Amino acid sequence: MYQFYYSDNREYQHAELKQKISDHFNVEKVRPTMWEEHCLECSAPVCFGNCAHYAARRDGRCMRFDNGIRTFEKASACCGQGARLKFRKWANMMTIIYPGMLSPEEYNKLTAKNEKLGKRLRSAVNSKLPTGLRWQYIRTIEYLRRRRLRRLAADTPKPDAFVFHGYSYGRESFNLIMEVFDGHTPLFRQAIPISQGENLTIIPGDKLLPCCSTPGYLVKLYPENDIEAELDILWCDFVQGGFVEKDAPAEKVKCLVWDLDNTLWNGILIETEDNESLELKAGVLETIKKLDERGIIQSIASKNDFAPAMEQLEKLGISEYFLYPEIHWNAKSASIKNIAANLNIGVDAMAFIDDSVFEREQVHSALPEVRTYDALEVEKLTELPEFDVIVTDESRHRREMYRAEEKRNALMASGNDDTVSFLRKCNLRIKVFAPQTEADITRCFELVNRTNQLNMSGRRYTRNEFDALLSKIGQTSIAFSCRDDFGSYGIVGFMQYRKDNCELCFTEFAMSCRVAGKYVESALFTHVLNDTCCEKGTLTVHKTKKNVLLRKTFESIGFAVEQDNAETVKYDVTLPLMHSDLVRCTD
């Protein structure tokens, strides 16, 4: 809840926030707050006459926010209510710690009461009463409200977390400081990293001291170094509940995202007049080349202007190594999510290297499944087990394959919004063959072990186990490669099946996400059923958190669900399958 009645009715444009607290934390109860406008150096009313930062509020007190706390409706905010505020120097947002925790439903009712009371107080603020009378009336009502809030509950359970969700409109990164006081004595201090754009931080309960639950203590929230930050705040609350279970980082890294300034090169681009003095840091070029040879994709998340940063990368001769670079002033966690989406890989397969502790913590807070590394570790990266991946002819050319995909995406975005028509123009074709050479077998082994979103069994094989799989009597193993008029995708999938009379039973299937959404599956299953003279096939997908895409894809192209339970879903595969004619298939 907010002390909103000192703001006027001016309208603001609010940024669209993509994240939701509910995706990260299941909020069961919330500690009531009443965030008010205060000053870090307050000695009212004496300071009103001698403080250079004094600006009169309509009740005669000091205006510490540019326009008070202006509330707005937002479904994803606590109680559906967000707040816009701009800190002036020495400003802080403060609340008393009130006892008890309320369910969301109970807190919604309390917030609705505060809205009604706040409207009365706004009328008093804007009245023609003498300033002193206005202030005394408002102060009396606020005192009575605090007294009611202090009586909400006798118990004061320890919070499971403190959640902050908001949007920063300034380009400067800073720490939002949260402090807990007993009177004037500070007992707890926590920094919340804030970057331009959306910010979400959850401080777990084991990092909160007992003083964060003591009724009557004060909580202050303010930007470090007197930064006059402008924020939308959706959540700023102590809560009870539990973290949403997050996937751990994937076993192997598929993409490393680089920062630029003082990470990839020595120095800061915007502070360097002569860019010739910006040189690659020791070990960077060697690491980039080694990762590229292993098929580990690389990209950039940097707070810089795009054109000069790319120009500098070209001067250094390394721009070709980076796919889908995100060079702007928004939060780097958002950049990493965009890169993963463009590459069509899971965020858990991403890694991030940056010299700034602030930026690494910001990414870790928003995306705990992303590995982060200090720039000082650059020369050790290729020795780490998560970068020790299977190297094949396919992986050595992975960057070129993604470059071709960039061209496809660029053409698709240029105005051709009919996906089917676009795919026809691409002239897609797949080649089906038995994996026999060492290179082909190694690539299939890599696919089965590295794919997540389009993996039927989710099983991870050792090389000996995979070789035994290929040798199974009565089972047919096939690989398939793909290409179009833009270039080759390489070997993109592996399938195994057995034939029972006139029916096929598919026992393993894995496909690269690089050909997802292109109806390659339709063409492949159609080809195999026709080639084996079978009218029907069956296939059982073992459900994992990551292969939802595979299940949706199968159902969208015409697979029929025969059985579905908590662990598996069994499909019947019969012809025709949707858009199987888009892709030409050959043996």
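Numbers for residues simply follow the sequence, beginning at 1. As a basis for the values below, the full set of heavy atoms in this structure was taken, side chains included, without hydrogen atoms, waters or symmetry mates. No experiment lies behind these values; they were computed from the predicted model shown.
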Looking at Lys29, I'd like to know if its NZ atom is crowded, meaning that more than 12 non-hydrogen atoms belonging to other residues, nucleotides or ligands lie closer than 6.0 Å.
no

Check whether any side-chain N or O of Asp160 sits under 3.5 Å from a backbone N or O of Gly241 as a donor-acceptor pair, and report yes or no.
yes

Answer yes or no: is there a donor N or O on one side and an acceptor on the other, between the side chain of Arg134 and the main chain of Leu129, under 3.5 Å?
yes

Would Ile345 and Cys255 count as a side chain to side chain contact (heavy atoms under 4.5 Å, CB included) here? Give the steps.
CA-CA 9 Å; Ile345 63 177; Cys255 176; 3.9 Å; yes

Could you give me the CA-CA distance, side-chain angles and deciding distance for Ile318 and Ile288, then say whether side chain to side chain contact (heavy atoms under 4.5 Å, CB included) is met?
CA-CA 9 Å; Ile318 57 173; Ile288 289 173; 4.3 Å; yes

Any donor-acceptor pair under 3.5 Å linking the side-chain atoms of His24 with those of Gln19?
yes

Answer whether the closest heavy-atom distance between the side chains of Tyr324 and Ile297 falls below 4.5 Å.
no

Does the distance from a Lys or Arg side-chain N to an Asp or Glu carboxylate O, for Lys281 and Asp355, drop under 4.0 Å?
no

Can a donor-acceptor pair be found, under 3.5 Å and without considering hydrogens, that links the side chain of Asn547 to the backbone of Lys545?
no

Just by modelled atom types, is the Glu326 backbone N or O under 3.5 Å from a matching donor or acceptor in the Lys332 side chain?
no

With rounding to the nearest 0.5 Å, note down the distance linking CD in Glu383 to CD in Glu377.
11.5 Å

Knowing that exactly one of Phe188, Trp35, Phe181 qualifies, which makes a side-chain contact (heavy atoms from CB on, under 4.5 Å) with Val219?
Trp35

Close side-chain approach of Trp258 and Phe322, heavy atoms under 4.5 Å:
yes

Using atom types as modelled and distance alone, determine if a side-chain donor or acceptor of Arg360 lies under 3.5 Å from a backbone N or O of Phe352.
no

Over 60° means perpendicular and under 30° means parallel, so tell me whether Tyr373 and Phe387 are parallel, tilted or perpendicular.
tilted

Is it the case that the side chains of Gln362 and Ser333 hold a donor-acceptor pair, with the cut-off being a distance below 3.5 Å and no angle test?
yes

Of the non-hydrogen atoms in Thr451 and Lys254, which two are nearest, and what is the gap between them?
CA-NZ, 4.4 Å

Restricting to side-chain contact (heavy atoms from CB on, under 4.5 Å), what partner residues turn up for Leu149, sequence neighbours left out?
Met1, Met34, Tyr98, Leu110, Arg145, Leu152

Minimum heavy-atom separation for Pro157 and Met101, please, with both atom names.
CG-CG, 3.6 Å

Rounded distance (nearest 0.5 Å) linking atom CG of Asp226 with atom CZ of Phe87
11.5 Å

Heavy atoms only: give me the nearest Tyr137-Arg120 pair and the separation to one decimal.
OH-NH2, 3.4 Å

By side-chain contact (heavy atoms from CB on, under 4.5 Å), which residues pair with Thr382, not counting sequence neighbours?
Thr287, Lys290, Leu291, Arg294

If you look only at distance, which donor and acceptor atoms sit under 3.5 Å apart when one is on a side chain in residues 161-178 and the other is two or more places apart or in another chain?
residue: His165; atom: NE2; partner: Glu198; partner atom: OE2; Å: 2.8
residue: Tyr169; atom: OH; partner: Ala15; partner atom: N; Å: 3.0
residue: Tyr169; atom: OH; partner: Arg84; partner atom: NH2; Å: 2.8
residue: Tyr169; atom: OH; partner: Asp232; partner atom: OD2; Å: 2.6
residue: Ser173; atom: OG; partner: Lys303; partner atom: NZ; Å: 2.9

Indicate the atoms forming the closest heavy-atom contact of Ser7 with Asn67, along with that distance.
CB-O, 3.0 Å

So, for Leu280 and Asn266, which heavy atoms are closest and what is the spacing to 0.1 Å?
O-ND2, 4.2 Å

How about Asp182 and Cys211: do any of their side-chain heavy atoms sit closer than 4.5 Å?
no

Ignoring hydrogens, what is the shortest heavy-atom contact between Val27 and Val30? Give both atom names and the distance.
CG1-CG2, 3.7 Å

